[in-house]
Every structure is written in structure tokens, then in C-alpha cells.
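By convention here, the first residue in the shown sequence is residue 1. Not measured: the values here are computed from a predicted model.
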Amino acid sequence: MAEYIRFVLTGATLALGLATAANAQPGHARPMAAQPPALAIGVPAQQVQRYVLAAPDGGPEYRVSVWAPPEGQPPAAGYPVVYMLDGNAVFESLTRTTPALPQGASLQAVVVGIGYDDAERFNVTARSYDYTPPSPGADAPRGSPRDPDAHGWAKPGGGADRFLAVLQQRIQPLVERRYRIDADNRTLYGHSYGGLFALHVALSRPQAFQHYVAASPSIWWNGRFILQSLARPAPVPEPGVDVTVMAGEEAQGHEDRPDSPESVVRALGNIPNVQARLRVFPGLGHGEMLPASLAATLRDYVR
């Protein structure tokens, strides 16, 4: 079957489109939290290119937003690439933030935001399915952020392996045919359910990326199912991977719980060929962690 890709908007037209979509988000009347000033990083909307891919099974179309460094020669090996879930929200933050970078420094990575082609900051139903791991009871998952045994709160899930196939077989080729990419320097970033997806991939298909960032991951989902994967991870081939867990207020005072960020990082660090670290943003709530963590992730590529 022929691949269906639409190149949608570039330049000033994209800037207008992003602004219009952000102002028409049902259920998201409040503005998105700002990035921490010391980490602030942004990209001009007129430099963002956007593509739309049809879902393989007739589901919501994927919006793929891409920013690449506009000047200078790419490194000989190509640019690092950062694949960021909840791409609509990620690029809303990036295009509305004035960067605070050192004099002469710039972002030296290709940034790929993967979202859904609608006016929502978050497509709650689609991401609930795409970002959560296949597991018993995933069609009616247990749990909520405050109670991992709650029933009826979470939407149906279990589509993470399907979504990973879309990411690897369709989105990555789309991007890496068009931009100079270092295939040995790929990062997967996700927040909340996206952070859960990043952990799932790191534990089940670790060779898919070299670097993983899981920001405020939804460990509670479906009775903390991800802890079972953490106890039985797939082997990690040489040269290994690194996994960064970022956490806000949830990292304070719960170090002994198996679902705490501290415990998850300790368990990750016990896996051969995994370098794990925890980065804490004291006092930040769950929503505030999205702009803070995406900015912190991209800061690693400022040169």
C-alpha cells in the first residue's frame, strides 16, 4: 500500500496555524505553563515543518512537526535527533518561548514532535492507547495518579507496540530521509503517559534508541504494570543505553516505595548496560514538568 504523507505548512503560515490551534483547544483554556527561565529554549515557528501521516488502521492522523538547525554544515555523522511525544504541546511550548542561551550558542539537534492532527494540545483518547503498554486488562486499565488500584478512571490502552511500529517504520524514515541524522544518536522523550512509553520501549526494545527520557512517567497505570517489565527487562546489547527519569514533587518523600522515581532509577541502574539517572525539579507539579523537562532535555544539545 502506498505511503500517505501530507506536507502541510511551513513558514509564516505555520506560525499562524500553530497560534490558531493553540487558541482553539477544547478543555485547555488555560495557557501552558512556562519553561523555567534558566532553561528556556525555543525555536521560531517559521522554521518548523509539519507533516501529516495517516494512521495504519484508520485512527487519528499523526502530526509530525520538525525543526532542524537552519544554518551551518551538519556534523559529519549528522545531527542528533530527539523524538518527542505529545508533539502538539511540545511545539506550542517551543514556539512561544524566547530562548535564554549563552552568547553564540544554539540548539544543535533535529527536534521531532509527534502529536495528532487536531486542535487539541493533548488527544487524551489517542495518547492513552498509543503510549501505554500491552498488558492484561489494558482495555479497562486499573489506576489513577492517586490510586493505582482505582477502576474506571483511565481510558483504554495497550497500543504501545503498535505505536512503536508506526514510529520506527513510518515516522523515522520520513524524518531521516529528509534531514541529516546521526543514526547512533537518537533520543526518545515522553512526559506522563509518554514517559511510560519511553520506559516501556527502553525495557522491551532497548536497541530502538540510544537515549531515553521519561519525565514524570505514569508508573501507576494499570496496577503499576511497568514494574513487572522493570523486573524482567529485555537484554540490552552493547554499547548500552542511558535512561533519564525526570521528576517533580512526586520525587519527594517516597524513596522506599517501589513506584517512586528513586526506586525506578535504582532498578534501571541494576540492568546491565543501562546508565540510569534521576533529575529532580523540586516543587514542580505534573503539568509544569512538561515544559521544564522538554527544555532540560533539549539543553543537552546546545552548543
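- Separating the CG atom in Asn88 from the CZ atom in Arg50 is a distance of 8.5 Å, to the nearest 0.5 Å.
- The shortest non-hydrogen separation linking Val90 to Leu85 is CG2-O, 3.5 Å.
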Intermediate values then yes/no, side-chain contact (heavy atoms from CB on, under 4.5 Å), Ser192 and Phe122: CA-CA 12 Å; Ser192 191; Phe122 304 102; over 6 Å; no
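- By the salt bridge (charged side-chain N to carboxylate O under 4.0 Å, His left out) test, Arg257 pairs with Asp259, sequence neighbours left out.
- The hydrophobic cluster containing Ile271 does not contain Phe225, counting ILVMFWY residues as joined when their side-chain heavy atoms lie under 4.5 angstrom apart, directly or transitively.
- Nearest heavy-atom pair across Pro206 and Pro235 is CG-O, 3.5 Å.
- Sorted by first and then second residue, the pairs that involve residues 131-140 and meet side-chain hydrogen bond (donor to acceptor under 3.5 Å, both in side chains), not counting sequence neighbours, are Ser135-Asn222.
- Leu196 CG to Trp220 CH2: the interatomic distance, rounded to the nearest 0.5 Å, is 8.5 Å.
- A pairwise comparison of heavy atoms in Ala55 and Pro60 identifies CB-O, 3.5 Å as the closest pair.
- Considering every non-hydrogen atom in both Val236 and Gly240, the closest pair reads CG1-CA, 3.9 Å.
- Every pair tested for ring-ring contact (aromatic ring centres under 6.0 Å, His included) that includes a residue from residues 255-274 fails, sequence neighbours excluded, so the list is empty.
- Contact of the Leu167 side chain with the Tyr83 side chain is registered, since non-hydrogen atoms from C-beta on lie closer than 4.5 Å.
- Each side-chain hydrogen bond (donor to acceptor under 3.5 Å, both in side chains) pair with one or both residues in residues 273-284, not counting sequence neighbours, appears once here: Thr244-Arg277.
- Trp221 contributes atom CH2, which lies 9.5 Å from atom OG of Ser128 (distance to the nearest 0.5 angstrom).
- The salt bridge (charged side-chain N to carboxylate O under 4.0 Å, His left out) test applied to Asp256 returns no partner, not counting sequence neighbours.
- Legend: salt bridge (charged side-chain N to carboxylate O under 4.0 Å, His left out) pairs involving residues 239-254, not counting sequence neighbours: none detected.
- Atoms CD and CD, on Glu255 and Glu262 in that order, are 4.5 Å from each other to the nearest 0.5 Å.
- The main-chain N or O of Ala89 is never found under 3.5 Å from a side-chain atom of Arg121 such that the two would form a donor-acceptor pair.
- In the model, Ser263 has a side-chain atom that pairs as donor or acceptor with a side-chain atom of Ser260 under 3.5 Å.
- Nearest heavy-atom pair across Pro141 and Ala138 is CD-O, 3.1 Å.
- Under the 4.5 Å side-chain contact rule for hydrophobic residues, Val66 and Leu188 share a cluster.
- Under 3.5 Å, the side chains of Tyr51 and Ser65 contain no donor-acceptor pair of N or O atoms.
- The main-chain N or O of Gly143 is never found under 3.5 Å from a side-chain atom of Asp147 such that the two would form a donor-acceptor pair.
- Residue pairs meeting the ring-ring contact (aromatic ring centres under 6.0 Å, His included) criterion with at least one member in residues 164-186: none, sequence neighbours excluded.
- Partners of Glu176 by salt bridge (charged side-chain N to carboxylate O under 4.0 Å, His left out), not counting sequence neighbours, listed by chain and number: Arg186.
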Criterion side-chain contact (heavy atoms from CB on, under 4.5 Å) on Val111 and Leu94, from CA distance to verdict: CA-CA 10 Å; Val111 182; Leu94 289 176; 4.2 Å; yes
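- Residues Arg180 and Val110 form no side-chain contact, since every pair of their non-hydrogen atoms from C-beta on lies 4.5 Å or further apart.
- For the pair Glu61 and Tyr116, the minimum side-chain heavy-atom distance is 4.5 Å or more.
- Inter-residue side-chain proximity for Val81 and Val112 is flagged as met; some heavy-atom pair is nearer than 4.5 Å.
- Between the side chain of Arg170 and the main chain of Ala54, a donor-acceptor pair closer than 3.5 Å is present.
- For Arg142 (side chain) and Trp153 (main-chain N/O), no donor-acceptor pair under 3.5 Å exists by modelled atom type.
- Residues His211 and Asp300 bring no donor and acceptor atom of their side chains to less than 3.5 Å of each other.
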Quick one, Leu278 with Met246, criterion side-chain contact (heavy atoms from CB on, under 4.5 Å). Give me CA distance, side-chain angles, the key distance, then yes/no. CA-CA 6 Å; Leu278 174 65; Met246 297 186 180; over 6 Å; no
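- Atom-to-atom distance recorded for Tyr62:OH and Asp117:CG is 12.5 Å, nearest 0.5 angstrom.
- Residue Glu92 holds its CD atom at 9.5 Å from CG of Leu290, rounded to the nearest 0.5 Å.
- Sorted by first then second residue, the ring-ring contact (aromatic ring centres under 6.0 Å, His included) pairs that include residues 268-303, not counting sequence neighbours, are His191-His286.
- Among pairs with a residue in residues 102-113, none fulfils salt bridge (charged side-chain N to carboxylate O under 4.0 Å, His left out), at least two apart in sequence or across chains.
- Shown here for Gly285 and Glu288, the closest heavy-atom pair between the two residues is N-OE1, 2.7 Å.
- Gln35 is listed as a side-chain neighbour of Ile41, based on a closest heavy-atom distance under 4.5 Å.
- In this structure, the side chains of Ser93 and Pro291 come closer than 4.5 Å at one or more pairs of heavy atoms.
- Annotation: salt bridge (charged side-chain N to carboxylate O under 4.0 Å, His left out) contacts of Asp57 (sequence neighbours excluded): Arg162.
- Without hydrogens or angle criteria, Gln47 side chain to Pro70 main chain gives no donor-acceptor distance under 3.5 Å.
- Residue pairs meeting the side-chain hydrogen bond (donor to acceptor under 3.5 Å, both in side chains) criterion with at least one partner in residues 193-209, sequence neighbours excluded, are Asp161-His200.
- Val245 places a side-chain heavy atom less than 4.5 Å from the side chain of Leu268.
- There is no path of hydrophobic side-chain contacts, each under 4.5 Å, that joins Tyr129 to Leu53.
- In this structure, the side chains of Leu199 and Leu230 stay at 4.5 Å or more apart for every pair of heavy atoms.
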Using side-chain contact (heavy atoms from CB on, under 4.5 Å), reason through Gln172 and Phe209 one step at a time and then give a plain yes or no. CA-CA 11 Å; Gln172 283 184 333; Phe209 298 86; 3.4 Å; yes
